[in-house]
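In what follows, every chain begins at residue 1, and chains take the letters A, B, ... in the order their sequences are listed.
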Amino acid sequence: MTMAVGIDRNSLAAAVAADIPAGSFVNLGIGLPTKVSNYLAPGSGVTLHTENGMLGMGPEAHGDEVDPDLINAGKIPVTELPGASYFHHADSFAMMRGGHLDICVMGAYQVSVKGDLANWHTGRPDDIPAVGGAMDLAIGAKQTFVMMDLTSRDGTVKLVPECTYPLTGLACVSRVYTDLAVFLIEPDGVVVRDVFGVDFRQLTELVDVPLFDATTR
Amino acid sequence: MTMAVGIDRNSLAAAVAADIPAGSFVNLGIGLPTKVSNYLAPGSGVTLHTENGMLGMGPEAHGDEVDPDLINAGKIPVTELPGASYFHHADSFAMMRGGHLDICVMGAYQVSVKGDLANWHTGRPDDIPAVGGAMDLAIGAKQTFVMMDLTSRDGTVKLVPECTYPLTGLACVSRVYTDLAVFLIEPDGVVVRDVFGVDFRQLTELVDVPLFDATTR
Amino acid sequence: MVSIVETATEAVADTADAATVLVSGFGSAGQPVELIEALLDCGATDLTVVSNNAGNGDSGLAALIRQGRVRKMVCSFPRQSDSWHFDAKYRAGEIELELVPQGNLAERIRAAGAGIGAFFTPTGFGTPLADGKETREIDGVGYVLEYPIHGDVALVSAHRSDELGNLVYRKTARNFGPIMAAAATTTVVQVHEIVPVGSIDPEHVITPSLYVDRVVRIASDRVEAAS
Amino acid sequence: MVSIVETATEAVADTADAATVLVSGFGSAGQPVELIEALLDCGATDLTVVSNNAGNGDSGLAALIRQGRVRKMVCSFPRQSDSWHFDAKYRAGEIELELVPQGNLAERIRAAGAGIGAFFTPTGFGTPLADGKETREIDGVGYVLEYPIHGDVALVSAHRSDELGNLVYRKTARNFGPIMAAAATTTVVQVHEIVPVGSIDPEHVITPSLYVDRVVRIASDRVEAAS
């Protein structure tokens with residue numbers, strides 16, 4: 001099974017964006033999750049937080065808009081929307097840790113059946129570790145969504161019974177958006193809500209985690 | 001011995017003011033310590049903090065200056081000096097607790113030979129207790145000065161071997177300014193630095209705490 | 001997302017009995033008098049109120065206390081020259097008091113908003129207000145372990161809001177507003193003025209919009225004259 | 001009380017060997033490049049540097065690391081596409097790394113300035129970065145006990161100072177400045193502009209003057225154009 005079976009990354013970003021309620025306060029992690037902002041309707045009233053100290057972040061800055069003092073958590077120049085606010089790092093992470101953001105979207109190496117998240121470190125001894133805000137984001141928002149390919153390049157499935165990579169947070173992921181399916185992590189198990197180019201039975205054969213079918217549940 | 005022997009409260013306030021170095025950041029407690037501000041030279045560069053959320057507090061407001069949104073910790077209308085700043089209560093007490101203020105001046109019921117302070121509660125069962133910022137102020141500043149009459153109205157001496165009133169803070173007072181003398185609370189004992197209308201021997205007879213004479217030490 | 005509501009009554013109407021209500025203000029400065037009086041009208045009772053003082057005079061928090069709607073006060077300085085309603089209830093044994101040093105009160109409220117589980121503070125160590133609490137010596141200094149104070153509702157007075165709920169305050173009336181706004185499940189704010197989005201410089205916002213659930217404008221001659 | 005000094009060199013000249021230096025900035029935004037380069041010139045070595053990142057490119061913190069002056073980095077995100085000097089020292093075993101989740105790093109610095117002895121944070125609970133640390137369950141949530149991070153010196157970049165040292169920042173360059181300014185024995189600030197006392201509205205001050213010991217103005221074409 002290759003990635004060509006499922007949906008591409010832009011479609012995945014659109015799928016996540018469609019699930020973000022109007023008026024939500026959202027943090028989009030570095031990398032793939034950043035794409036979600038391209039699919040948020042301008043009238044949706046979704047407000048973006050960037051943990052380096054801003055609420056009301058606008059799109060990426062280009063040309064004359066670029067201001068070295070105005071960047072996102074990925075250190076990319078961004079813009080400011082009307083109604084924005086700035087705050088220092090302790091206040092910004094208080095906002096995150098205190099549960100005030102509705103949704104945080106992150107990438108992952110692995111997600112476990114219990115919602116444990118591994119996304120900061122491969123664990124390889126020669127890798128220099130770097131965590132940034134990953135551990136704060138994982139446990140801070142009311143809901144944590146993960147966006148990832150269901151399998152890694154070597155075919156290893158990333159939705160697992162137990163994470164083998166170093167953990168970022170325990171029982172913190174509520175949904176996993178992948179190229180092949182959307183999974184809901186619920187107290188009694190993992191529910192498949194949507195499938196993309198595969199059927200439920202194919203998923204159960206691929207994934208080493210008990211799955212429930214949302215359509216028959 | 002009556003209060004008429006020593007100095008009056010205005011002279012006492014002037015004595016405290018004279019000991020505050022130029023450029024200090026100072027919190028003056030409610031009541032008697034407030035008088036100290038009357039004796040700070042305008043050019044001294046002493047900046048006043050009020051724990052309800054302001055640095056750079058000016059004198060009491062009168063007439064048209066009165067603004068109900070601008071009060072001191074005693075809830076008295078005050079004014080704002082150029083270079084002032086406002087902050088919320090958590091930031092204001094972080095400033096105090098974090099040791100950023102040079103001097104805090106407070107009143108007291110009792111001070112012990114070790115610098116323990118009792119100034120928030122008489123301990124009488126029919127008194128409604130109220131602590132306000134007393135416990136934060138007592139331990140927060142780099143130095144805590146106490147201003148008080150050396151004896152209460154019934155003649156009881158307030159510099160004591162051990163406080164009998166409920167404590168505000170442990171080992172926090174560095175100097176005690178009284179109508180009869182200025183005492184320095186030092187690790188090896190209490191040093192009499194100045195006397196007002198009494199001599200050192202008279203003080204040793206009055207106070208039930210071993211005293212050292214700064215002039216002969 | 002914020003709702004701009006028309007009346008103080010509407011803003012607090014769903015406050016439940018036995019709720020914990022955080023009330024901003026230091027003395028009268030920053031006290032949300034109209035929201036408290038609306039709370040009086042809405043009938044909620046058996047409340048725990050967290051506020052620096054326990055009411056001044058006969059209005060606002062003092063009126064709520066007088067009417068017996070407050071089961072417990074969490075505050076630093078209940079006793080004032082004009083706290084007669086609290087004083088009477090306290091002496092009659094009709095109100096519970098949790099006395100908290102002012103800086104610990106502020107830090108506990110801040111901790112609730114910041115997701116901190118507990119913290120060691122030096123304030124109160126060795127005093128009767130630390131009786132029964134966990135203590136620890138860290139680098140030679142004595143500390144007391146204190147826990148966050150969460151609210152079901154925060155009633156906050158601010159100076160100005162934009163239509164998204166970004167707030168600015170005025171002078172020492174800022175006091176508990178920003179930390180209480182962050183510490184409650186539902187934050188209700190009364191302001192003197194509501195301005196269009198974009199009217200408040202993002203550098204000057206004190207309470208970002210995401211902390212605010214409802215805003216109501218209260219016309220006030222006094223404050224409009226002062227602003 | 002603040003001193004306005006003429007040069008960055010003078011501002012950092014007394015930094016001692018083995019000092020703990022807090023360095024503001026997130027990536028390049030808010031990084032006090034000129035103060036760090038002056039620190040390079042003043043010769044202090046065996047430093048512990050606390051900063052979100054471990055240097056970008058070849059200047060500023062990266063240069064300090066390259067020259068072997070940093071014994072230990074305390075940071076959240078050392079590894080970046082342009083952190084080659086840190087990477088080389090780390091792989092050679094010539095620099096110690098204490099990796100701290102970004103929010104815990106900010107909160108530990110804030111705790112140092114606020115006189116908090118330690119605090120329980122949920123971030124990192126159950127992960128390798130909590131290994132060996134005290135943990136506790138409070139109301140069903142797991143927390144890790146974290147301690148304050150004090151600095152001997154803080155090097156901070158702000159936008160504007162008045163002559164008393166009141167500071168304002170600009171956009172996301174604010175990041176660690178306000179909390180680091182409060183967490184060090186000596187706080188040294190570089191700004192683009194020094195204005196007369198009274199020029200900054202007291203409601204807009206982000207770092208009050210008492211946190212600031214030295215201010216130096218650094219002319220900058222880039223930032224003057226942007227401001």
Side-chain angles (χ1 to χ4, degrees), chain A residues 30 50-54 57 64 66-80 84-99 116-121 123 126-140 163 165-172, chain D residues 24 26-30 52-54 56 75-81 83 86-87 90-91 97 99-111 113-114 121-130 141-142 159 169-180 182 206-207 222-223 226-227:
Chain A
I30 298 174
T50 181
E51 64 268 26
N52 50 318
M54 182 187 195
M57 179 174 68
D64 287 351
V66 171
D67 178 340
D69 286 343
L70 180 49
I71 60 175
N72 68 11
K75 302 185 177 96
I76 292 166
V78 292
T79 53
E80 168 191 300
S85 53
Y86 296 103
F87 25 82
H88 63 58
H89 247 67
D91 280 350
S92 187
F93 280 90
M95 191 178 281
M96 174 55 79
R97 194 193 307 110
D116 293 350
L117 173 66
N119 74 351
W120 71 281
H121 190 19
D126 59 333
D127 269 11
I128 298 177
V131 65
M135 290 185 180
D136 305 277
L137 302 184
I139 57 113
C163 294
Y165 281 66
L167 287 180
T168 307
L170 295 177
C172 54
Chain D
S24 72
F26 178 82
S28 304
N52 191 63
N53 304 107
N56 303 81
C75 69
S76 86
F77 211 82
R79 187 195 64 220
Q80 300 183 268
S81 58
S83 62
F86 173 83
D87 298 359
Y90 182 81
R91 292 192 197 285
L97 171 64
L99 191 70
V100 183
Q102 197 168 337
N104 287 355
L105 183 65
E107 190 70 9
R108 291 175 64 186
I109 294 166
R110 189 245 173 212
T121 172
T123 302
F125 180 80
T127 77
L129 294 188
V141 177
H159 183 58
Y169 300 81
R170 196 167 167 279
K171 303 191 184 282
T172 59
R174 187 185 298 189
N175 57 64
F176 283 91
I179 52 176
M180 287 183 168
I206 301 299
T207 294
R222 168 178 76 72
V223 178
S227 66

Tell me which of these, D/Ala173, D/Gly142, D/Ser83, has more heavy-atom pairs under 4.5 Å with chain A than the rest.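 Option with the top pair count is D/Ala173.
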As an exercise: rank D/Gly126, D/Gly27, D/Pro101, D/Gly177 by heavy-atom pairs under 4.5 Å with chain A and give me the winner.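 Maximum pair count with chain A is reached by D/Pro101.
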Residue part contacting chain A, namely of [X], when any heavy atom lies under 4.5 Å:
X        : answer
D/Tyr90  : side chain
D/Arg91  : side chain
D/Tyr169 : neither
D/Leu105 : neither
D/Val141 : neither
D/Arg110 : side chain
D/Asn53  : side chain

To the nearest 0.5 Å, tell me how far [X] [atom1] sits from [Y] [atom2].
X        : Y        : atom1 : atom2 : answer
A/Lys75  : D/Gln80  : NZ    : CD    : 4.0 Å
D/Ser76  : A/Met135 : OG    : CE    : 11.0 Å
D/Phe176 : A/Asn52  : CZ    : CG    : 9.5 Å
D/Thr123 : A/Ile139 : OG1   : CD1   : 3.5 Å
D/Lys171 : A/Glu80  : NZ    : CD    : 3.5 Å
D/Arg170 : A/Leu70  : CZ    : CG    : 8.0 Å

By a 4.5 Å heavy-atom criterion (distance strictly below it), what part of [X] contacts chain D: side chain, backbone, both, or neither?
X        : result
A/Tyr86  : both
A/Ile128 : both
A/Ser92  : neither
A/Asn72  : backbone

List the steps, then state whether side-chain contact (heavy atoms from CB on, under 4.5 Å) holds for D/Leu129 with A/Trp120. CA-CA 11 Å; D/Leu129 294 188; A/Trp120 71 281; 3.9 Å; yes
Listed by chain and number, what are the side-chain hydrogen bond (donor to acceptor under 3.5 Å, both in side chains) partners of D/Asn175, not counting sequence neighbours?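 In terms of side-chain hydrogen bond (donor to acceptor under 3.5 Å, both in side chains), with neighbours along the sequence ignored, D/Asn175 is linked to no residue.
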Below 4.5 Å, heavy-atom pairs only: which of [options] has the largest tally toward chain D?
options                               : answer
A/Asp126, A/Val131, A/Asp91, A/Leu167 : A/Val131
A/Gly53, A/Ala90, A/Ala73             : A/Ala90
A/Ala94, A/Pro129, A/Gly169           : A/Pro129

[X] and [Y]: which non-hydrogen atoms are nearest, and at how many Å?
X        : Y        : answer
D/Ala29  : A/Ile71  : CB-CD1, 3.8 Å
A/Gly132 : D/Phe77  : N-CD1, 3.3 Å
A/Gly133 : D/Gln102 : N-OE1, 3.0 Å

Answer yes or no: does atom CG of A/Asp64 have more than 12 heavy-atom neighbours from other residues, nucleotides or ligands under 6.0 Å?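 Not more than 12 within 6.0 Å, no.
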For the side chain of A/Arg97 and the backbone of D/Thr121, is there at least one donor-acceptor N/O pair under 3.5 Å apart?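 Absent.
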Could you walk me through whether A/Phe93 and D/Glu107 pass the side-chain contact (heavy atoms from CB on, under 4.5 Å) test, one step at a time? CA-CA 8 Å; A/Phe93 280 90; D/Glu107 190 70 9; over 6 Å; no
